[in-house]
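Naming: A, B, ... by sequence-line order, numbering from 1 per chain. Given the structure is predicted, the values throughout are model-derived calculations rather than measurements.
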Protein chains: 2
Amino acid sequence: METVTHLVAAGAPEEAVGMGRVTLKTVAEAVGVSRMTVSNAFSKPDQLSPDLRERILETAAELGYLGPDPAARALARGSVGAVGVVLTDSLEGAFLDPVSAAFFGAVADTLAPTGLAVSLIPAARAGDHLAARDLPIDGALVCACDVGQESVEWLRRRGLPLVFVDNEALPGYARVGLDEREGGRLAAQHLIDLGHTDIAIFTIDPSGAPGWVDDPTARLVNTVADERRAGAVEAISAAGLMPRMLTIEDNDEAHALPGARELLGGAAPTGVVSFSDDMAAAVIGAAREASIAVPAELSVVGFDDAPIARAVTPGLTTIRQDFRAKGRAAAEALVSAIAAQRESDDGPVPAADGEHRIAVPVELVVRDSTAAARGTT
Amino acid sequence: METVTHLVAAGAPEEAVGMGRVTLKTVAEAVGVSRMTVSNAFSKPDQLSPDLRERILETAAELGYLGPDPAARALARGSVGAVGVVLTDSLEGAFLDPVSAAFFGAVADTLAPTGLAVSLIPAARAGDHLAARDLPIDGALVCACDVGQESVEWLRRRGLPLVFVDNEALPGYARVGLDEREGGRLAAQHLIDLGHTDIAIFTIDPSGAPGWVDDPTARLVNTVADERRAGAVEAISAAGLMPRMLTIEDNDEAHALPGARELLGGAAPTGVVSFSDDMAAAVIGAAREASIAVPAELSVVGFDDAPIARAVTPGLTTIRQDFRAKGRAAAEALVSAIAAQRESDDGPVPAADGEHRIAVPVELVVRDSTAAARGTT
DNA sequence: CAACCGATCTATACCGGTACAGTAACTCCG
DNA sequence: CGGAGTTACTGTACCGGTATAGATCGGTTG
């Protein structure tokens, strides 16, 4: 029963000037009790008589004592009250993407009631600082970034509870991710159901040379992209069709539009499964340039159901990812990982059972960018 | 000269099992030197001979010592390496808004090279925890939220360096914000220049009753909204025209569309200055419903230049806020406030000069949602 | 030759709390 | 009336570092 109740002084902080810092000791001496009793007055009210507690709190307020110093408390208790989140190298980039920003918000919101704050961990080192090594945190989320990174390695070495999001987890750690493969399958199957027979996959491959890919069944480096690809290829192959695939380097406007032009440049497919809504929007843009009617002549499926999916004309048929559910799942997994570590502490098993893999479901949202293939009833 | 260099062991962490925690002491005893020397080996390399340092680092690596414990270091040094950001009550909401998400990203990115991590501070209390009081941080950004909040009050009492963003600052603290008023003026002036004479202001007023406002010159509660309103009213009045104003409760889709319908319902204005791009988009949507042509019959100006400004058809004329510049300015102001406090420390003046008010410039971006008023050359 | 110096390393005293194991007084019960 | 159980508080030992002021020593310097 840990019930902290701080007095909120009505007036000014009364900070007795000149007097050094006000600590437990200061208050203890003023009241004439031991340091420990003052500490308890703030952190464990049931450990002392109500009237003494009252007196202590009062004196503390007069002296300008604000309550336990967070840093000191963190050291003594062994827990900080914050968890880290490792995103990409460019935090700015991560937050420009509405999907990842929303995910982050959902994480923070889910964590808020537990009293945990969320700290962004810059992946890169800053001079001699490396946040993943130097920042006091109780655990961390590793999101959609290279697992081999120095930062991730440090988090691991520190023995922190970790949860991997949209990423292959290191062995022994929990993982939360979309059911990407199912998403890819749903997207492709939707086009198949509409009677399309020439379906192209438009995705990213940061490492490979951009352009048409010889073998769409070959793995991609980017895990997420690969899963979506695999799902689509599965569905297309199962329908007895041959998939085509064109990749670009990165999921941004600069790469997407040229890629989309190339996609439609030669013998244009009648259906496109895209890695993202942004890329799907680029395909629609390229189609407009080439006077290809969407959805009459070309059906386009996106992925994510980002805001742009609705903003674009025609509205994008897409695979909705419930970023809120993903954020919640990730936050909850992390909280329980932290709790588990606290339990076992020096207990025998660190995280042996923790091979949790949580798949967040996806859903097909049909809007106006897809229609039955020509020549189909 | 603080040059931390940690050994990154190639292999496994070699964590000597069973052995309790590995601390400075462990390493010191193993090497046969004092604790302090080991500490220096990690934190102040120039304080000991290179070869001894080498030996210490080696032994440390063997023992599985990871370097100074962040929490302990934070206590001893009096600085944590993280700053807080207070946003709205709903973090999720804040990150759903691309503008505030991008701002946050810019802050994080600017701070990254300084080694500071960014912690989100949930404004609401969680049980007995209140992040603003309990989280170890070196300073904080207070963004677009009620300054009277309990959280803000705690940050102040803790004596932390603070910077207020998009907000009136508490006395003595720095403030960073857009030049909102100028933005409002630019938006309205643009319509005036196009010959519009019936210009309506479409904005938010969380506290008031939604609907047409009798006196557009009366102050709004929301500071940002009020500044933009004031700017627009200034320009319109200066042109010898009478402004009209309609408010809605909140800047979201649920409120914006009905509000926009009402705006155009009766005698529709020929020009609208909106509080945000989202609301401007809603106006365009409502205009389409009512078969009012934009921009031929109705000119609409947004605010923010959020992604939706480009996504919508016709492209939105809007006031661009450089969220990157704003984020950078806020981050820099905070960093210097932290530095200043560290300097003065127990020095005489806490932040007397710090009445900095940094105005981030805005800019009119003309797209296709505005045109000359009918009957104008 | 004594005083002085910089380069290295050590000793001590915090930083500001919390955990845990008492201790003393007071109640309850057979 | 003796022992078990509470309640209310205190003492001590950390948590794991860092700052600061010495101590030690070979080498200068006037």
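Among the nucleotides D:dG17, C:dG17, C:dA19, the one closest to any side-chain atom of B:P68 is D:dG17. When distances run from any side-chain atom of B:L75 to the nucleotides C:dT18, C:dG16, D:dG17, the shortest one goes to C:dG16. With C:dA19, D:dG17, C:dG17 as the candidates, the nucleotide lying closest to the side chain of B:A76 is D:dG17.
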Give me, pair by pair, the N or O atoms of the protein and of nucleotides 5-10 of chain C that are less than 3.5 Å apart, along with how far apart they are.
residue	atom	partner	partner atom	Å
C:dC9	OP1	B:S49	OG	3.3
C:dC9	OP2	B:S49	N	2.7
C:dC9	OP2	B:S49	OG	3.3
C:dT10	OP2	B:S34	N	3.0
C:dT10	OP2	B:S34	OG	3.3
C:dT10	OP2	B:T37	OG1	2.5

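Using a 4.0 Å cut-off between charged nitrogen and carboxylate oxygen, A:R156 and A:E153 count as a salt-bridge pair.
We find that CG of B:L24 is positioned 12 Å from P of D:dA19, with the value rounded to whole Å. Going from atom CG of A:L66 over to atom P of C:dG16 covers 12 Å, rounded to whole Å. Between A:K44 atom NZ and D:dC9 atom C1' the separation is 14 Å, expressed in whole Å. We find that CZ of A:R77 is positioned 20 Å from C1' of D:dG17, with the value rounded to whole Å. For the pair B:F42 CZ and D:dG16 P, the interatomic distance rounds to 15 Å; values are reported in whole Å.
In the helix from C:dC1-D:dG30 to C:dG30-D:dC1, the rotation axis of the first five pairs and that of the last five pairs differ in direction by 40°, rounded to 10 degrees.
At a cut-off of 3.5 Å, with distance as the only test, no side-chain donor of A:R125 or A:S151 sits close to an acceptor on the other residue. Under 3.5 Å, the side chains of B:T26 and B:R21 contain no donor-acceptor pair of N or O atoms.
Neither OP1 nor OP2 of C:dG16 sits under 4.0 Å from any side-chain N or O of A:S39. Regarding contacts with the backbone of D:dG16, every side-chain N or O of B:R73 stays at 4.0 angstrom or more from both OP1 and OP2. Proximity of A:K25 to the phosphate of C:dC15: no side-chain N or O atom is located under 4.0 Å from OP1 or OP2.
Between the side chain of A:D69 and the backbone N or O of A:A71 there is at least one donor-acceptor pair closer than 3.5 Å.
Listed by chain and residue number, A:V33, A:S34, A:L48, A:L52, A:I56 satisfy the side chain to side chain contact (heavy atoms under 4.5 Å, CB included) test with A:T37 (two or more places apart in sequence, or in another chain). Here A:F95 pairs with A:F104, B:F95, B:F104 under the ring pair (Phe, Tyr, Trp, His ring centres under 6.0 Å) rule; sequence neighbours left out. Residues passing the side chain to side chain contact (heavy atoms under 4.5 Å, CB included) test with A:E29, sequence neighbours excluded: A:K25.
B:V27 approaches B:V22 most closely through the heavy-atom pair CG2-CG1, 4.3 Å.
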Only pairs under 3.5 Å count here: list side-chain donor-acceptor contacts from residues 135-143 of chain B, not counting sequence neighbours, and write none if there are none.
residue	atom	partner	partner atom	Å
B:D138	OD1	B:V80	N	2.7
B:D138	OD2	B:V80	N	3.1
B:D138	OD2	B:G81	N	2.6

